[in-house]
Trainee: 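To start, I am sharing the structure in question, which I have written as structure tokens.
For the numbers below, each heavy atom of this structure counts, side chains included, while hydrogens, waters and symmetry mates do not. Residue indices begin at 1 and follow the sequence shown.
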Amino acid sequence: QVQLVESGGGSVQAGGSLRLSCADSEYINSRKIMGWFRQAPGKGREGVAAIVIRGGQTYYADSVKGRFTISQDNAKNTVYLQMNSLKSEDTAMYYCAADGGVWRPWPALDFRRYGAWGQGTQVTVSS
């Protein structure tokens, strides 16, 4: 069974940085795409960033462009989300997602594209 484990969340002041990690129980080279999503209390799940594993193409939500960077380390089967210049509105539970080996015809930042999810890691940014 696919297992994605997030880590790296925490509390930080506005303007600070955090790096989230998503450790995959399977070889990430077997994936087509992996992504990061977030959900704040009372809001829907928002696509933040995604990466095409074999091609390296990346996608970002407009709200994080220029501040967040998604990357992969195939040797560690891990995907990262480097978050800089954090703002209070970035406060949310952050989830890692993978395509789960099944192609779904949705855009990269649409949660319906993904079939496997981690448990989430909380990010809190104080102003």
Side-chain angles (χ1 to χ4, degrees):
Q1 185 172 345
V2 174
Q3 188 172 12
L4 303 173
V5 179
E6 302 98 333
S7 61
S11 297
V12 65
Q13 288 192 329
S17 298
L18 285 172
R19 188 177 79 157
L20 305 184
S21 299
C22 172
D24 193 340
S25 62
E26 308 208 349
Y27 294 114
I28 64 171
N29 267 332
S30 69
R31 308 278 186 215
K32 292 182 175 57
I33 191 168
M34 294 184 71
W36 286 95
F37 289 73
R38 65 186 181 187
Q39 189 165 15
K43 294 188 177 181
R45 192 164 292 193
E46 175 192 17
V48 174
I51 185 165
V52 176
I53 295 301
R54 295 190 181 183
Q57 186 174 2
T58 56
Y59 303 84
Y60 295 96
D62 288 343
S63 58
V64 306
K65 280 181 183 176
R67 300 190 297 123
F68 290 11
T69 303
I70 189 170
S71 62
Q72 63 188 82
D73 185 332
N74 290 5
K76 295 182 178 180
N77 293 316
T78 299
V79 171
Y80 301 98
L81 185 68
Q82 178 67 44
M83 305 186 296
N84 298 329
S85 302
L86 282 161
K87 305 175 181 179
S88 57
E89 51 262 46
D90 295 318
T91 295
M93 184 72 79
Y94 283 71
Y95 298 91
C96 177
D99 59 357
V102 177
W103 183 78
R104 296 173 176 83
W106 305 110
L109 296 182
D110 189 315
F111 73 90
R112 293 170 291 184
R113 179 76 175 263
Y114 300 86
W117 294 86
Q119 294 299 308
T121 185
Q122 178 67 38
V123 171
T124 302
V125 184
S126 57
S127 56

Trainee: Taking the side chain as every heavy atom from C-beta outward, state whether M34 and I53 have any atom pair closer than 4.5 Å.
Mentor: yes
Trainee: Does the side chain of R38 come within less than 4.5 Å of V64's, by heavy atoms?
Mentor: yes
Trainee: Where is the tightest heavy-atom contact between G47 and A61, given as atom of each residue plus distance?
Mentor: O-CB, 3.4 Å
Trainee: Taking atom CD of Q13 and atom OG1 of T124, what is their separation to the nearest 0.5 Å?
Mentor: 13.0 Å
Trainee: Is the closest basic N to carboxylate O distance between D62 and K65 below 4.0 Å?
Mentor: yes
Trainee: Look up atom CZ in R31 and atom CZ in R54, then write down how far apart they are to the nearest 0.5 Å.
Mentor: 11.5 Å
Trainee: Once rounded to the nearest 0.5 Å, what's the spacing between atom CG of L86 and atom OG1 of T91?
Mentor: 8.5 Å
Trainee: Distance-only, no hydrogens or angles: does the Y60 side chain make a donor-acceptor pair with backbone N or O of G66 under 3.5 Å?
Mentor: no
Trainee: So do L109 and E46 actually touch side chain to side chain, heavy atoms under 4.5 Å?
Mentor: no
Trainee: Counting C-beta onward and ignoring hydrogens, is there a side-chain heavy-atom pair between W36 and C96 closer than 4.5 Å?
Mentor: yes
Trainee: Are side-chain heavy atoms of I70 and Y59 found at a separation under 4.5 Å?
Mentor: no
Trainee: Salt bridge check, D110 against R104: does any charged N sit closer than 4.0 Å to a carboxylate O?
Mentor: no
Trainee: Under 3.5 Å, is there a donor-acceptor pair between the side chain of R67 and the main chain of M83?
Mentor: no
Trainee: Give me the atom names and distance for the closest heavy-atom approach of E6 to G120.
Mentor: OE1-N, 2.9 Å
Trainee: Determine whether L20 and V12 fall in the same hydrophobic cluster, where Ile, Leu, Val, Met, Phe, Trp and Tyr are linked whenever their side-chain heavy atoms lie under 4.5 Å apart.
Mentor: yes
Trainee: Might you point out which heavy atoms bring S85 and S17 nearest each other, and give the distance in Å?
Mentor: N-OG, 4.3 Å
Trainee: Give a yes or no answer on whether the side chain of Y27 reaches the backbone of N74 with a donor-acceptor pair at less than 3.5 Å.
Mentor: no
Trainee: Aromatic rings Y95 and W117: how do their planes relate, parallel, tilted or perpendicular, breaks at 30° and 60°?
Mentor: perpendicular
Trainee: Report yes or no: is the cationic atom of R45 (NZ for Lys, CZ for Arg) closer than 6.0 Å to the six-membered ring centre of F37, at no more than 45° off its axis?
Mentor: no
Trainee: Give a yes or no on whether E89 atom CD has more than 12 heavy-atom contacts from other residues, nucleotides or ligands under 6.0 Å away.
Mentor: yes
Trainee: Locate the shortest heavy-atom distance separating T78 from S21; write the atom from each residue and the value.
Mentor: CG2-CB, 4.2 Å
Trainee: With rounding to the nearest 0.5 angstrom, report the CG to SG distance, D73 to C22.
Mentor: 12.5 Å
Trainee: Indicate yes or no for a side-chain donor-acceptor contact from T58 to the backbone of I51 under 3.5 Å, with no hydrogens or angles considered.
Mentor: no
Trainee: To the nearest 0.5 Å, tell me how far E26 CD sits from L4 CG.
Mentor: 9.0 Å
Trainee: Can you see which heavy atom on D90 is nearest to which on V125, and at what distance?
Mentor: CB-CG2, 4.3 Å
Trainee: Rounded to the nearest 0.5 Å, what's the gap from CD on Q72 to CD1 on I28? Could you check?
Mentor: 5.0 Å
Trainee: Provide the closest heavy-atom pair for Y114 versus A108 in the form atom of the first, atom of the second, distance.
Mentor: OH-O, 2.6 Å
